[in-house]
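A short worksheet on the structure shown next.
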Amino acid sequence: GSDFIQVIGSHGKVDRSMGDVHPEGNPHWWLDPVRVASVAHALAKRMTELDPEHGAAYANRASLFATQLQSLVDLWVPRLKESANIVTYHDSYRYLVDRFDIKVVGFIEPKPGVEASTRHLDNLLEMMKEKNVRQMWVEPYHLGRVTSRIQSLSGAKLEVLNDAIEGTSDKDYLRMIELMLRTAAEKAS
């Protein structure tokens, strides 16, 4: 993937004080439909090299998928201009929120892979009230005691959102992204 796309947040020297960061940058690039379209074209090109007889079909399929992805971006970017502030557990959704200008104002995890201290959680709760955070986005594997506590004390709506798909079709990917975008557009009360 990183041969075809620009990765966010690559680091030079990494040490444990930074938490569990990836030296090559945030690896969750597939949550940006524009980057996924670039990879689809690169895969079609490589498949054509391996199987020239079906090259036109690979190129057509990649182009169709890229068009669907761009339509999704064009539709949702304006809709999310006034989206509410959210908090996420981890920086997994970074590519999605950057592409669609969704306002992430804090993280339950102070640093990647580092458990939150009581002080961090108290500061997070104070900031959530200050910035009227009405949603928390959490991956299914980050559900637990800390998430429940923050949700209960803040009153924010807990949204459990996958950051990957189990399925095999492009429609599964589109549905996953659309679910995140519909969630971001909700004005949770």
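- At least one donor-acceptor pair under 3.5 Å links the side chain of S71 to the backbone N or O of T67.
- To the nearest 0.5 Å, atoms CE (M180) and CZ (F100) are separated by 10.5 Å.
- Aromatic pair W137/Y89: ring centres not closer than 6.0 Å.
- Under the side chain to side chain contact (heavy atoms under 4.5 Å, CB included) rule, L125 has a single partner from V87, V133, I150, which is I150.
- When atom types are taken as modelled, the side chain of D51 and the backbone of M47 share no donor-acceptor pair closer than 3.5 angstrom.
- Enclosure of atom CD in E126 is not indicated, since only 12 or fewer non-hydrogen atoms of other residues, nucleotides or ligands lie within 6.0 angstrom.
- Between the D32 side chain and the V34 main chain, a donor and an acceptor come within less than 3.5 Å of each other.
- Residue K103 places its NZ atom among more than 12 non-hydrogen atoms of other residues, nucleotides or ligands, all under 6.0 Å distant.
- Judged by distance alone, the side chain of S63 and the main-chain N or O of N60 form no donor-acceptor pair under 3.5 Å.
- Side-chain atoms of S117 come within 3.5 Å of backbone atoms of H120 as a donor-acceptor pair (strictly under, hydrogens ignored).
- Environment of CD in E49: crowded, with over 12 heavy atoms of neighbouring residues, nucleotides or ligands closer than 6.0 Å.
- Looking at K157 and E159, a side-chain N of the basic residue comes within less than 4.0 Å of a carboxylate O on the acidic one, giving a salt bridge.
- Scanning all heavy atoms of the two residues, the minimum distance from L161 to P140 falls at O-CD, 3.7 Å.
- One N or O on the side chain of T183 and one on the backbone of L179 form a donor-acceptor pair closer than 3.5 Å.
- In this structure a side-chain-to-backbone donor-acceptor pair under 3.5 Å is present from Y173 to W30.
- Judged purely by atom type and a 3.5 angstrom limit, Q151 uses its side chain to pair as donor or acceptor with the backbone of A156.
- For the side chain to side chain contact (heavy atoms under 4.5 Å, CB included) test with Y93, the passing option among V104, L31, I86 is L31; the others fail.
- Residues D122 and R119 are not paired through a salt bridge, judged by the lack of any N-O separation under 4.0 Å between the basic side chain and the carboxylate.
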